[in-house]
Every structure is written in structure tokens, then in C-alpha cells.
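Chain letters run A, B, ... following the sequence lines, proteins first and then strands; every chain starts at 1. All values below were derived from every heavy atom in this structure, side-chain atoms included, with hydrogens, water molecules and symmetry-related copies excluded.
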Number of protein chains: 2
Amino acid sequence: MTDLTIRRATADDLPAIVAMLADDPLGATRESPDDLTPYRTAFARIDADPHQHLVVAERTGRTVGTLQLTVVPGLSRKGSTRTIIEAVRIHADERGNGLGTELIRWAIDRSRELDADLVQLTSDATRTDAHRFYERLGFVASHLGFKLAL
Amino acid sequence: MTDLTIRRATADDLPAIVAMLADDPLGATRESPDDLTPYRTAFARIDADPHQHLVVAERTGRTVGTLQLTVVPGLSRKGSTRTIIEAVRIHADERGNGLGTELIRWAIDRSRELDADLVQLTSDATRTDAHRFYERLGFVASHLGFKLAL
């Protein structure tokens, strides 16, 4: 894992991030990599929110991964703060070489620095490889994840 | 559902909210209703974050329900904003009378007002009654929810 840098994303990273979001069995049907306009608007919202941590992983100048970490203060569990990991993507050329592990470990370490007590994420029920991956990293699939499109 | 008000929670609501968090098969083991100190600290963090919407439901002056809604801007799904519902609790005296439906409908309506495209939540795998409840409201259990305690 030489030369790997995980850093805060900037607007200049959007083409590479959106390409990774689209290069995915689920993402292919719901992203629009040829029109970055909605992503630029969304990036401005993310960037302005101090509780959002959108990062990219770079290796020798190439953008090879991304994830978004959200800090959610809460009352339950004696006032626990939790972080939520969303939008984890690894460049196709880098899958299976440990980059996902590095990215999630970064998110766990960052969550500790942010005084979180719990890290959580949801993974589509069809992504069975991802489920084994998260379990190997110590996550417990204790919950069902429900979504309602508006 | 007469006389029901859903409003932003204040610090004065903490004893009633924490009592509801603790009056629950899972919450009983992990809350400390006799010591509100950690909850007061957490409330201050929630209250200072404009993307957090912590509410209580009141009926004839009694606090009968609570939930927390978090707004999460994102890049995936063409820059969708999602909201996350956490810490839904209904007072024991009010269970089964439709208050849960009113609270979740409030959260869905508020999510629309906040321009969210998606509402999501996770529910402990053991809460099978809750799963049927969310499915009746239109949620789809499409995901697994993973947690890692730090």
C-alpha cells in the first residue's frame, strides 16, 4: 500500500469521484457522469457542512477511492456520537488489493479522533462480498436498513 | 390523534426523552436516566448543528414521543440529499394508537420540505414489529445495517 494518500476531496475531484460512483452495478443505473452539474451543487452543500468528511484516496497522482463520513451527535446510548459511512467506492483497477480496508480503517480512525462511539453503515442486501468485507473489519450486521424514495 | 403537537426539543425535554429511551428492551441496558449529564452535553451538540432535527410529540401537555432526523447531503444518486431517522421512541402509554405513524409521517414530510430525495433508517434485527411498521409506511428493507462500537 505504498504512496497512498487519503485527503479531503475538492471540487476538482468530482469527475473522478462521479466516474467511480457510476462504475458499479447499482451506480450504473442511477448516476450521470456526463453531467456534473447536480454533483457540483451537492458538493458545495457537503463542503459547507463541518460534520461531513468527504475524502478521496490517491495513489501516484491517480484518484483510486472515495468515501463520505457523516458525524451524527445523538442522545441514545448515553449521548453517543455516531459516524455514518456512505458512498464507499474503489476504482476498478484497485479492487481486491486492500485499498477498501485502508479506506475503512481511515474512517474508523477518523471517527475515534472525532470522539464517536459507534461507526455505522448500510450495504445493499445484494452486495454479499461487501458484507463479508465489513464483517472481517469487525462490523456486526445487527440491523436492517430501510429506505423510502421521496 | 387530537391535540398532538410535534415540535423541536429543548433542554427541558431531556428527562422525558431519556425516560423513553430507557423504557425499551434494548435501551434498558444502555441508558442512564438517573444521570442526565451525558445527555445534556449531547443535546448541546445536537442543538448547535443545523442539520439535526430532534423533536418531541406532545399530547395535552405530556411528552409522548421523540425522534431525531439528520440531513446528509451526498454525491451519489446524482447528488441526492438523504435524511436519516434515528432514536424513534413512543411512550409506553401511547403504543399501538398511531402515534408512531404520525411521527414517521412528520419525518417524511419534513424531509420533503428539506429537499431530501431519500429517507433512511436502520432498525435492530430483533425488532420485527418495527420492521412491519416501516414496511406499511412504504419503506423497503433493501439493506443490511452494520455497526462497529469504538
Side-chain angles (χ1 to χ4, degrees), chain A residues 14 17-18 21 27 30-32 35 38-43 45-46 49 51-52 54 66 68 70 72-82 84 86-87 89 108 111-112 116-126 131 134-135 137-150, chain B residues 14 17-18 21 27 30-32 35 38-43 45-46 49 51-52 54 66 68 70 72-82 84 86-87 89 108 111-112 116-126 131 134-135 137-150:
Chain A
L14 281 175
I17 295 173
V18 176
L21 293 175
R30 57 194 190 202
E31 305 298 346
S32 66
D35 175 14
Y39 300 98
R40 293 199 191 285
T41 306
F43 178 81
R45 279 199 294 266
I46 297 167
D49 181 346
H51 297 103
Q52 300 298 331
L54 175 67
T66 181
Q68 181 179 344
T70 301
V72 181
L75 291 180
S76 61
R77 300 173 187 239
K78 297 182 196 170
S80 285
T81 291
R82 49 188 87 195
I84 298 177
E86 292 271 3
R89 293 295 185 281
I108 294 169
S111 298
R112 281 205 184 90
D117 307 284
L118 197 66
V119 185
Q120 63 188 54
L121 59 91
T122 66
S123 180
D124 193 284
T126 63
H131 303 166
Y134 289 120
E135 283 170 342
L137 287 167
F139 285 84
V140 179
S142 53
H143 284 59
L144 290 190
F146 292 83
K147 290 190 200 288
L148 174 73
L150 297 182
Chain B
L14 281 174
I17 295 173
V18 176
L21 293 174
R30 57 194 190 202
E31 305 299 344
S32 66
D35 176 14
Y39 301 97
R40 293 198 190 285
T41 305
F43 179 81
R45 279 199 293 266
I46 296 167
D49 180 346
H51 297 101
Q52 300 299 332
L54 175 67
T66 181
Q68 182 179 345
T70 301
V72 181
L75 292 180
S76 61
R77 301 173 187 237
K78 298 182 194 168
S80 285
T81 291
R82 50 188 86 196
I84 298 177
E86 291 271 4
R89 294 293 185 283
I108 294 169
S111 298
R112 282 205 183 89
D117 308 284
L118 197 65
V119 185
Q120 64 188 52
L121 60 90
T122 66
S123 179
D124 193 284
T126 64
H131 303 166
Y134 290 120
E135 284 170 343
L137 287 167
F139 286 84
V140 179
S142 53
H143 284 60
L144 290 189
F146 291 84
K147 290 190 200 286
L148 174 73
L150 297 181

Please confirm whether the backbone N or O of [Y] pairs with a side-chain atom of [X], one donor and one acceptor, at under 3.5 Å?
{"X": "A:Y134", "Y": "A:T122", "result": "no"}
{"X": "A:H131", "Y": "A:D124", "result": "yes"}
{"X": "A:H143", "Y": "A:L121", "result": "no"}

Look at [options] and state which one has the largest set of heavy-atom pairs under 4.5 Å with chain A.
{"options": "B:S76, B:S80, B:G138", "value": "B:S76"}
{"options": "B:L137, B:T81, B:V119", "value": "B:V119"}
{"options": "B:R77, B:R40, B:E135", "value": "B:R77"}
{"options": "B:T70, B:L14, B:L75, B:T66", "value": "B:L75"}

| query | Where on B:E86 is there a heavy atom nearer than 4.5 Å to chain A: the side chain, the backbone, both, or neither? | reply |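 Side chain only.
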| Side chain, backbone, both or neither: which part of B:I17 has a non-hydrogen atom closer than 4.5 Å to chain A? |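 The answer is the side chain of B:I17.
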| Winner by heavy-atom pair count (cut-off under 4.5 Å) against chain B, out of A:A42, A:A141, A:P38, A:S111 |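 Most heavy-atom pairs under 4.5 Å with chain B: A:A141.
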| said: Heavy-atom pairs under 4.5 Å with chain B: which of A:I84, A:T126, A:V72 has the most? | reply: A:V72
| field | Rounded distance (nearest 0.5 Å) linking atom CG of A:L54 with atom CD of A:Q68 | value |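 Here the rounded value is 5.5 Å.
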| field | Check: B:F139 and B:I108 side chains under 4.5 Å, non-hydrogen atoms | value |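 Yes, side chains in contact.
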| query | Side chains of A:K78 and A:D117: closer than 4.5 Å at any heavy-atom pair? | reply |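 The answer is no; the side chains never approach within 4.5 Å.
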